Number of protein chains: 2
Amino acid sequence: MAREPVNETAARSKSQHAYHSLKERIAAEELTPGHRLVLASVANELGMSVVPVREAIRRLEAEGLVTFERNVGARVSMIDDSQYRHSMETLAILEGAATALAARHLTADDVRQARELNRRLIASLEHFDPRLFTSLNHRFHSVLFAACPNPRMLALVESEWVRLGHLRDSTFSFVPGRAQESVREHEILLGLIEAGAPLADIERAARSHRSATLAAYLSHEHPDEAPGEPGVPTAP
Amino acid sequence: MAREPVNETAARSKSQHAYHSLKERIAAEELTPGHRLVLASVANELGMSVVPVREAIRRLEAEGLVTFERNVGARVSMIDDSQYRHSMETLAILEGAATALAARHLTADDVRQARELNRRLIASLEHFDPRLFTSLNHRFHSVLFAACPNPRMLALVESEWVRLGHLRDSTFSFVPGRAQESVREHEILLGLIEAGAPLADIERAARSHRSATLAAYLSHEHPDEAPGEPGVPTAP
DNA sequence: GACGGCCGATTCGTATACGATTTCACCGGC
DNA sequence: GCCGGTGAAATCGTATACGAATCGGCCGTC
């Protein structure tokens, strides 16, 4: 996850330190969406001046993790409903493609590991914990797309996961039924991969899987909304 | 294109100004890949101190337009062959999806405009100018995916175009035959859209179109390389 | 009592300053 | 002649300082 070279002398610049520190705290939900990031305060907490903090925030801003308003300041990005939908749709496409591209590069061990994770997902259904489920779910999918030989695509997929942030768990807390369905789809996906199914089929399955999660979320949040176009042009 | 609010008083901060200025100069190939960006020099040219320049460069760094090495400095990112391939592959997927998602939202005028651009592309084949061809080509595709209702996807597609930067023209300069084929595929794509073809077909056509450009580039640059997997899991 | 303007506190934006690190040319020894 | 050390120049990293913009509350007026 750490892209910076890990110098043995731990010589991360303060700017880098601020960046990683903020990013972690956002990922850990210690800084929740909407939380205001005051430059001077952050600088104090981290024991540095504002300059490195500003740079860190610029990077986070470019990644979409924080929003910045001139002369007003930065705050942790809120993902509203509409953004959530758009990000999920994008992730469906990217992750679907990445999973397909990775399929032929998966080792038997990878598949075994994915199966094990899905087993744990199934087991977790007993005493359902959205947080745990989401974490395992991420790890499951990570195993499947990590072998994608296109690093650019991997970076985008990961960035989209981060963007969705903790909001993603809410789907499973809101729509519990989706979890059961989800693990079944995981098995199907694994089956396709093991069987060496056409990449198009794998891509379609992976994409639909995520789209279904999005649909579950939407139909729960906006039950009135017309189903309209599914957004995913899978063949009929 | 400008995401910053256009204040009537033109009150862009220096940091923003530096960012846009550098980005434009990179896009215009005034700053070519590998070009070193010395903070003090850039600051002088723009009539500001180094602090805003640093922030601008952080943003560009996060976008992948410049690479930054600690205690060494920034330089305009070089896209090597492998990155070019990966970005094109990613763009094929993203643009294909965006084009499909946009298809149902295109007005008759949009289609007319796209046709007109393709006409100009065809006309330009007479006295072939890779630069002009690339520019028109970008505009053609922009018309087709701009109506995509997913802003996140649009942002990623645009960012990928920028990333490829001027390198993208090289395909058409290196493999002149590809240009003719390309405009024919444009017509086919337009036909599908006008006919209200299934979104899956449109997506497949748009994706294959770009993949073919990539393949043309690769087969010219690396004629020895085995064709291997096409990378695009289109149904047989 | 409501509204609008004024003022101070807060916070951002940028310049300047200076120590730290890298780079590279030069030079003496092997 | 080649190699490794040494110093200065270039450049980066960060702290500090101060002007500018924003926001919220207070006060006077209607």
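All figures in this text were calculated on a predicted structure; none of them were measured in a lab.
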Quick test: give all pairs of protein nitrogen or oxygen and nucleotides 18-22 of chain D nitrogen or oxygen below 3.5 Å, distance rounded to 0.1 Å.
| residue | atom | partner | partner atom | Å |
| --- | --- | --- | --- | --- |
| D/dA21 | O3' | A/N71 | ND2 | 3.2 |

Check: residues 38-54 of chain A side-chain donor-acceptor pairs under 3.5 Å, at least two apart:
| residue | atom | partner | partner atom | Å |
| --- | --- | --- | --- | --- |
| A/E45 | OE1 | A/R25 | NH2 | 3.0 |
| A/S49 | OG | A/V51 | N | 3.4 |
| A/R54 | NE | B/E55 | OE2 | 2.5 |
| A/R54 | NH2 | B/E55 | OE1 | 3.4 |
| A/R54 | NH2 | B/E55 | OE2 | 3.3 |

Q) For DNA chain D, what residues of residues 47-57 of chain A have any heavy atom nearer than 4.0 Å? A) A/M48, A/S49, A/V51, A/P52
**Q.** Closest heavy-atom pair and its distance - B/M153, B/L101
**A.** CE-CD1, 3.3 Å
Q: Decide whether B/T90 and A/R152 meet the rule of one side-chain donor and one side-chain acceptor closer than 3.5 Å.
A: no
Q) Would you call the rings of A/W161 and A/H141 parallel, tilted or perpendicular if under 30° counts as parallel and over 60° as perpendicular? A) tilted
Q) Do A/I93 and B/I93 come close enough that some side-chain heavy atom pair is under 4.5 Å? A) yes
Q. Under a 4.5 Å cut-off applied to non-hydrogen side-chain atoms, are B/R85 and B/Y217 in contact?
A. no
Q. Tell me, what's DNA chain D's dot-bracket, Watson-Crick or G-U with both distances under 3.5 Å, | for other-strand, [ ] crossing?
A. ||||||||||||||||||||||||||||||
Q: Find the distance between CG (B/L132) and NE2 (B/H127) and round it off to the nearest 0.5 Å.
A: 11.5 Å
Pairs under 3.5 Å (N/O, protein and nucleotides 7-9 of chain D):
none

Q.
Within this structure, what is the SG-NE2 distance for the pair B/C148 and B/H105, rounded to the nearest 0.5 Å?
A. 8.5 Å
Q) So does A/E29 pair up with A/R131, basic N to acidic O under 4.0 Å? A) yes
Q: Go through DNA chain C in 5' to 3' direction and return only the first and the last nucleotide with some atom under 4.0 Å of chain B's heavy atoms.
A: C/dT14 to C/dT23
Q.
If we count only N and O atoms by modelled type, under 3.5 Å, do the side chains of B/T134 and B/N137 hold a donor and an acceptor together?
A. no
(Q) A quick test of your reading: do over 12 heavy atoms of other residues, nucleotides or ligands sit less than 6.0 Å from CZ of A/R139? (A) no
Q: Nearest whole angstrom, please: distance from the C1' of D/dC12 to the CZ of B/R75.
A: 14 Å
